[in-house]
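Only one structure is covered here, and it is reproduced in the block below.
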Protein chains: 2
Amino acid sequence: MTTTTGSTAPEESSDELPAGLGDDFGWLLARAVRAYLGAAADVTEDLPGGLRGHQLLRAVARGCPATQLALASALGFDRTVVTYLVDDLEKAGLVERLLDPADRRVRQVSATAAGRKRLAALDRRLAKVQEQVLAGLSTEEVDGLTAALRAIACTATRAAQPDDAC
Amino acid sequence: MTTTTGSTAPEESSDELPAGLGDDFGWLLARAVRAYLGAAADVTEDLPGGLRGHQLLRAVARGCPATQLALASALGFDRTVVTYLVDDLEKAGLVERLLDPADRRVRQVSATAAGRKRLAALDRRLAKVQEQVLAGLSTEEVDGLTAALRAIACTATRAAQPDDAC
DNA sequence: TATTGTTATACTCTATAACTATA
DNA sequence: TATAGTTATAGAGTATAACAATA
């Protein structure tokens, strides 16, 4: 576990970055998020809830946790945020709340046909955004990045909620 | 450039993640940032400006761009944010504004002795946070991740400002 | 007129707490 | 009493625009 600098790849990157920031993990992460957010801005601008709306729609379309509380914990959102997101996505006709006959407190959220169609279009456009943001990386770097991010997400998800996740 | 799933590392990660999110680059990034932010929260809670304060302090301590506008562009912050950050860090005695005799409009920001000392302590604690967040990763994965993030940051920085960066 | 920096304002996101309804 | 969901409110973070000082 190297804490600061990577040992295998010094390459030409560092001299392009502002001094002192190339080895600041937090800044690098934040910068990457900003880059992605910026590039994805016009893809999701007309989608209720923006990128988070897309993420919720995606989770729901895979037929996953379904109840709003389960969605909140799976996605890592606050449960009130889920209410707002589902509100807006429902108004747009992309998801619907189904009453659970077994427990009338819970709402099963599911994607509508329109929601699935919209999701497919979004995924297509966001794949392009991803390509654009990762344009400077080799195929191996992209694979490594994705694997590493998944591992981080796993650790974080497991820490937040011992069981489940679909 | 693989747009969706990584081809080399299927491993055990994916079944731990909520369905439909393991291959959502935006969600993975956001999740990683949340994990880091959460883990770093109590390290930076008493630092003016939080993590951004640390980043500005770090950039300044390396004797880098110096003027507030240059800092804003290097860090990717809004210039008004830099004003607030420098205000707060200056009140805390960690940085100081020096008048430039050559151009009396600009302020050269530099770290004080106390600022450098504080930065060293922060860096030490944040290295531990980083270790904690990256606990699930192998050394190779950490190196790969850092290299990939640097490449993304480079692309983003270059897009935002053709020249400079120290 | 253009640039650096500041201030005031507003807006978006997110979290907190209080509430309803079910169990 | 505890849980799912909603609503209201407030807070942090951020951006916009107007401003002062200097070039």
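Naming convention: chains lettered A, B, ... in sequence-line order (proteins, then strands); numbering from 1 in each chain. The analysis underlying the following values was restricted to heavy atoms, covering all of them including side chains, and did not include hydrogens, waters or symmetry mates.
- A residue-by-residue look at Thr80(B) and Val82(A) shows that Val82(A) has its nearest nucleotide of DNA chain D further toward the 5' end.
- Contact annotation for Arg97(B): backbone-only contact, meaning every heavy-atom pair under 4.0 Å involves sugar-phosphate atoms and none involves a base.
- Below the 3.5 angstrom threshold, one finds a donor paired with an acceptor across the side chain of Tyr84(B) and the base of dA8(C).
- Thr83(A) has no side-chain polar atom (N or O) that falls below the 4.0 Å cut-off from OP1 or OP2 of dG5(D).
- No donor-acceptor distance shorter than 3.5 angstrom exists from the side chain of Arg79(B) to the backbone of Leu69(B), with no hydrogens or angles considered.
- Rounded to a whole Å, the CG atom of Leu99(B) is 11 Å from the P atom of dG5(C).
- Considering all non-hydrogen atoms of both residues, Thr112(B) and Gly93(B) come closest at OG1-O, 2.7 Å.
- Atom CG of Leu71(B) is separated from atom P of dT6(C) by 12 Å (rounded to the nearest Å).
- Each of Phe77(B) and Asp87(A) was assigned the nucleotide of DNA chain D with the nearest heavy atom; the assignment lying further toward the 5' end belongs to Asp87(A).
- What separates CG of Leu69(A) from C1' of dA4(D) is a distance of 6 Å, to the nearest Å.
- A straight line from CZ of Arg52(B) to P of dA15(D) spans 7 Å, rounded to a whole angstrom.
- Atom CD of Glu45(A) is separated from atom C1' of dC13(C) by 18 Å (rounded to the nearest Å).
- An OP1 or OP2 oxygen of dA20(D) is reached within less than 4.0 angstrom by no side-chain nitrogen or oxygen of Arg105(B).
- Atom C1' of nucleotide dG5(C) and atom CD of Glu90(B) are separated by 13 Å, given to the nearest angstrom.
- In this entry the distance linking CD of Glu96(B) with P of dG5(C) reads 16 Å, nearest Å.
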* Please report the C-alpha distance between Arg107(A) and Leu99(A) in whole Å, then the side-chain angles of each, then the deciding distance to 0.1 Å, and finally whether the side chain to side chain contact (heavy atoms under 4.5 Å, CB included) criterion is met. => CA-CA 5 Å; Arg107(A) 306 295 141 87; Leu99(A) 294 171; 3.4 Å; yes
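- Between the CG atom of Asp100(B) and the C1' atom of dT4(C) there is a distance of 11 Å, rounded to whole Å.
- Listed nucleotides: dA15(D), dA4(D), dG5(C). Nearest to the side chain of Asp78(B): dA15(D).
- The backbone N or O of Leu75(B) sits less than 3.5 Å from a side-chain atom of Trp27(A), completing a donor-acceptor pair.
- When heavy atoms are screened at a 4.0 angstrom cut-off, Arg79(A) is found touching base atoms of the nucleic acid.
- The backbone N or O of Ala61(A) sits less than 3.5 Å from a side-chain atom of Arg116(A), completing a donor-acceptor pair.
- In this structure, the nucleotide among dT6(D), dT14(D), dT22(D) sitting nearest to the side chain of Asp103(B) is dT22(D).
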